[in-house]
Amino acid sequence: LVLLTCFSYGGVAFLWMVFDELFPVFGQLPVELGGLGMASFDIGVVLTIGGVGLFLFTWLCYPYVARRWSPLTLYKYGLAACAVFLMAFPFLALLPFQGRGRTEGDSSSSNSSSNSSSGGGGGGNGTAAGWSDEEASKAKIIDFAILVAVQLVKQVIAFPMFNGVNVMISHSASAQQQGAVNGLGQSVASLARCIGPAIGGALWTLMLEARVVGFQYIVYALLTAVTCGLLAASCAMPESLNQGLEECNDGDNGEIEMM
């Protein structure tokens, strides 16, 4: 159980590390290339609001959630929600308000570049250049609000996953082995956080440079596949992980079970 929970923690860390790396890249990518065309300052504000939302959720809501559901249940529900979230996220680029937050000059330059391209990938965004300042301002607010909502949903999904799997790591070993087991879990997660940005960034860059059609959907589909693998692995986790090993063994010293 120690290896199963530790590697599950590593998988969760890998998923959200890659997502956090690609979120600003996808948000700032020009609309004609399949991104959201947002300004870097706006993306920074969105991430800041997401951090505040995580603090409020942890402080006000999560104590009730933790009392209502067990760590294993929260972890499984989080993985299921994460799969849906990651698969749906790149479709933000298809929404009709994409790129409307740009200035008229930026829109005009994008229109000229999209007209010169053979694929016509910027279709549907050309109307932004003819908008009034009021319309562009309202559209920018819509873009901003959607991204804030996405960040808040992400925090609500991710935190129970991290907390649930960390609790299960602690419950998979006896009190005498807590230090070693938690150290192993943190080491696996640290390794995942190292290789995650390298793999995600390299895959994104290679597909973008190769002009692979729908590359952003492929990247997030791969992340969804990893999530589904973690969800399948969670089915092997026993309900006993919801309690400490000593409680499950009724006072026994509790040797580590390796899976």
Side-chain angles (χ1 to χ4, degrees), residues 7-38 43 46-47 50 53-54 57 65 69 72-99 121 124 142-165 189 192-193 195-208 210-237:
F7 280 103
S8 295
Y9 181 32
V12 172
F14 174 87
L15 283 175
W16 292 116
M17 194 67 189
V18 175
F19 178 85
D20 288 340
E21 178 205 13
L22 295 182
F23 178 81
V25 178
F26 178 61
Q28 199 173 4
L29 189 70
V31 174
E32 57 270 18
L33 295 180
L36 303 180
M38 300 292 290
I43 295 174
V46 167
L47 293 173
L54 174 61
F57 173 74
V65 173
W69 290 285
L72 181 57
T73 299
L74 286 174
Y75 177 64
K76 288 182 176 180
Y77 283 174
L79 285 172
C82 179
V84 176
F85 177 81
L86 290 175
M87 181 59 74
F89 178 74
F91 287 93
L92 284 175
L94 297 181
L95 295 179
F97 53 80
Q98 61 175 341
I142 294 175
D143 287 351
F144 186 82
I146 290 294
L147 285 182
V148 167
V150 167
Q151 267 295 309
L152 293 177
V153 170
K154 176 254 179 181
Q155 304 291 10
V156 171
I157 294 174
F159 185 78
M161 291 172 61
F162 277 107
N163 191 73
V165 74
R193 291 187 175 101
I195 65 176
I199 295 176
L203 186 62
W204 183 277
T205 302
L206 290 174
M207 289 190 174
L208 179 60
R211 292 294 191 268
V212 177
V213 178
F215 74 95
Q216 66 270 40
Y217 304 104
I218 298 175
V219 173
Y220 285 100
L222 292 175
L223 290 179
T224 305
V226 174
T227 306
C228 292
L230 290 173
L231 183 58
S234 71
C235 296
M237 295 179 174

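The closest side-chain heavy-atom distance from I157 to Y77 is not below 4.5 Å. Side-chain contact between L147 and D143 is absent, with no heavy atoms from C-beta onward closer than 4.5 Å. Looking only at side-chain heavy atoms (C-beta outward), V46 and F23 come within less than 4.5 Å of each other. Considering only heavy atoms from C-beta on, L86 stays 4.5 Å or farther from V226 through its side chain. Between L74 and V65 the shortest side-chain heavy-atom distance falls below 4.5 Å. F89 places none of its side-chain heavy atoms less than 4.5 Å from the side chain of K154. Between W69 and P160, every side-chain heavy-atom pair lies at or beyond the 4.5 Å cut-off. With contacts defined as side-chain heavy-atom distances shorter than 4.5 Å, the pair L29/L208 qualifies.
Panel note: side chain Q216, backbone G34; a donor-acceptor pair is recorded below 3.5 Å.
Nearest heavy-atom pair, M237 versus S8, reported as atom, atom and distance to 0.1 Å: CE-OG, 3.1 Å. Nearest approach of A93 to F26, heavy atoms of both residues: CB-CZ, 4.0 Å. Closest non-hydrogen pair, T224 versus M87, comes out as OG1-N, 3.4 Å.
In this structure, F215 and W204 have perpendicular ring planes: the angle between them is above 60°, well past the 30° mark. Taking the six-membered ring where tryptophan is involved, the planes of F85 and W16 are tilted, since the angle between them lies from 30° to 60°.
In this structure, F19 places its CZ atom where more than 12 heavy-atom neighbours from other residues, nucleotides or ligands lie under 6.0 Å away.
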